[in-house]
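Worksheet: one structure, shown below.
Heads up: numbering here begins at 1 and tracks the sequence.
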Amino acid sequence: MNKNQINSSSDEFDFSILNKQIIWIHDGLRFKTNESSGEDSDEVTSLKQRKIRIIDSESETESETAEDASSTEWALCGEYEEMPRRAQFISGKHPIEGRTLSANSIWRSWRDVENAEFWAFIVVIINMDTMPLTNLQEYWSRDNVSYIPFYPETFTRDRFNQVFWMLHLTTIPTNNTNPRSRLQQVSCFLDYINPKFLDYFIPDEQICVDESTVKFKGRISFIAYNSKKPTKWGIRIYTLADSNTGYICCILPYYGSLITELLVRFDLPVSSRIPLHLYKMLEKIPSVQGYHMYTDRYYISYVLAQELAKLKCHIIGTILTNRKELPSGIKKTKFVKTFTVSYPRNNTLLLAWKDKRPVTCLTQEWRPSEGLHEVE
């Protein structure tokens, strides 16, 4: 056998070739270190740990060139033992994707909602309010008695349910510096829809301020409950509406004490600030004046009447006898059914009479030159 030849058994256990590779790599690293530092030092830096890949003899030359080119870009394993952080991969899938759907699921036919389709959805919702039925399925009934062609001709029942169940709100970033409220997700929608009320309808002379309740039984901190109302649980909304048609012109949702930070006139009680705030929303109408506001005893007071008079608005409604600026004689009057008490002051008239119980009313629908008229 030739001396230069190495049999398979000696090649398997002889590490002389491997030792030469280690010495060559060690000398190369020391040369690179001294060259980069600019110092002629014979001190050898100790190698802690290194992974060495055994290469075949055929590709030995190519691998040596690659090792020289990239040796300065690698760190020793002992010096960098921490694994680098990796960002979690999240694929952009549809919310329905990845879920197991039944064979008859309506989500198998889901498609994105188009602009014209969403406007048709809003029209259907408005029409449903004009003809309330027991449940949504009744609007697509095929019964000869209760069939309504408008709804199935506009939407299929499954498609309407898809849009209805997927409809949700997201927070839109704005430049608004006001403190975050509990209605942050719907604030952009409310700011958009409030001015739109007056774009298509101008209220008549008689307007009304009252609260409405949107039925809701979910878990929110500002949910309201009133056992005396038909809708006992829900979200309270203060509204200004036209008295003749019932058309809502302005809305102001109630979401706790944070509402006081948005109202006008901090020096007045909250019950007086709410009607003032709603009436100021009518300033979008050019030359607005001369309105007659009707409201109940929760809001009305003599102070509110004077503030609205400065805005050239008259107010009419029942009033509590413990309000400020009221005469003390009206609180202790013994009424008879045929007896009416009146207290005029400037352009305001305070009336009190007895029906089934004593009733006190404040009105500005009165002029001193016209005198007093009999109250029926």
Side-chain angles (χ1 to χ4, degrees), residues 178-179 181-183 187 190 194 197 203 206-214 220-243 246 248-283 288 291-328 330-331 343 345-352 357-366:
N178 292 332
S181 65
R182 293 165 178 167
L183 292 182
S187 60
L190 294 176
N194 247 333
F197 288 136
Q206 288 79 26
I207 57 177
C208 175
V209 171
D210 203 355
E211 67 270 3
S212 301
T213 303
V214 179
I220 52 175
S221 59
F222 51 92
I223 192 170
Y225 174 77
N226 192 340
S227 60
K228 298 180 181 180
K229 297 288 185 179
T231 304
K232 296 177 174 54
W233 292 94
I235 301 172
R236 182 180 300 173
I237 298 178
Y238 302 106
T239 59
L240 187 149
D242 179 71
S243 298
I248 294 178
C249 304
C250 307
I251 60 175
L252 178 65
Y254 172 79
Y255 41 88
S257 60
L258 292 176
I259 192 175
T260 58
E261 301 178 5
L262 305 177
L263 299 176
V264 297
R265 296 298 304 271
F266 291 93
D267 56 325
L268 297 178
V270 176
S271 59
S272 299
R273 294 167 63 188
I274 292 172
L276 283 174
H277 187 89
L278 291 171
Y279 184 76
K280 282 184 173 293
M281 292 183 181
L282 295 180
E283 293 180 349
V288 54
Y291 277 101
H292 297 268
M293 180 184 293
Y294 295 85
T295 184
D296 58 21
R297 58 183 182 175
Y298 174 76
Y299 305 99
I300 197 168
S301 65
Y302 180 78
V303 177
L304 175 62
Q306 296 304 307
E307 293 297 330
L308 288 175
K310 297 176 183 178
L311 301 175
K312 298 181 180 181
C313 175
H314 311 291
I315 190 169
I316 306 170
T318 57
I319 185 173
L320 296 173
T321 56
N322 60 354
R323 296 288 190 184
K324 294 182 179 180
E325 303 292 337
L326 296 187
S328 58
I330 203 171
K331 303 177 183 179
Y343 290 87
R345 182 178 179 181
N346 298 330
N347 62 341
T348 305
L349 180 65
L350 185 65
L351 297 173
R357 60 180 182 178
V359 179
T360 308
C361 176
L362 185 143
T363 177
Q364 290 177 326
E365 280 283 345
W366 170 78

E307 side, atom CD; I315 side, atom CD1 - distance, nearest 0.5 Å: 11.5 Å
Main-chain N/O of A224 paired to R236 side chain as donor or acceptor, under 3.5 Å: no
Chi angles and distances behind the side chain to side chain contact (heavy atoms under 4.5 Å, CB included) call for I207, Y294: CA-CA 6 Å; I207 57 177; Y294 295 85; over 6 Å; no
Side chains of S271 and R323 in contact at under 4.5 Å (non-hydrogen atoms): yes
Pairwise side-chain contact, I319 with L350, heavy-atom cut-off 4.5 Å (strictly under): yes
Sub-4.5 Å side-chain heavy-atom contact between L311 and L276: yes
T348 vs Q306, side chain to side chain contact (heavy atoms under 4.5 Å, CB included): CA-CA, chis, key distance, verdict: CA-CA 9 Å; T348 305; Q306 296 304 307; 3.3 Å; yes
Within-4.5 Å side-chain heavy-atom neighbours: L282 and C250: yes
Exercise: do E211 and Y299 side chains pair donor with acceptor under 3.5 Å: yes
Side chain proximity check, M281 to N194, heavy atoms < 4.5 angstrom: yes
CG on L320 to CG on L326, rounded to 0.5 Å: 9.0 Å
Point-to-point distance, once rounded to the nearest 0.5 Å, from OH of Y291 to OG of S243: 11.0 Å
Audit row: T318, T295, side chain to side chain contact (heavy atoms under 4.5 Å, CB included) steps and yes/no: CA-CA 8 Å; T318 57; T295 184; over 6 Å; no
Side-chain donor or acceptor of Q364 paired with backbone N/O of A305 under 3.5 Å: yes
K312 atom NZ, over 12 foreign heavy atoms within 6.0 Å: no
Value rounded to 0.5 Å, distance of CD1 in I237 from CG in D210: 12.5 Å
Heavy-atom side-chain proximity of R345 to Y302 below 4.5 angstrom: yes
pair I251-L190: side-chain heavy atoms closer than 4.5 Å: yes
Smallest separation among heavy atoms of F266 and L263, with atom names: CZ-O, 3.9 Å
Criterion side chain to side chain contact (heavy atoms under 4.5 Å, CB included) on Q206 and M293, from CA distance to verdict: CA-CA 6 Å; Q206 288 79 26; M293 180 184 293; over 6 Å; no
Identified side chain to side chain contact (heavy atoms under 4.5 Å, CB included) partner of H277 from the options V264, V209, V270: V264
Flag, side chain of T360 to backbone of A352, donor-acceptor distance under 3.5 Å: no
Plane angle bin for Y254 and Y238 - parallel if under 30°, tilted between 30 and 60°, otherwise perpendicular: perpendicular
Distance, nearest 0.5 Å, that separates CZ of R273 from CG of L252: 10.5 Å
From I220 atom CD1 to F222 atom CZ, the distance as rounded to the nearest 0.5 Å: 4.0 Å
Validation row: L304, L268 side chains within 4.5 angstrom (heavy atoms): no
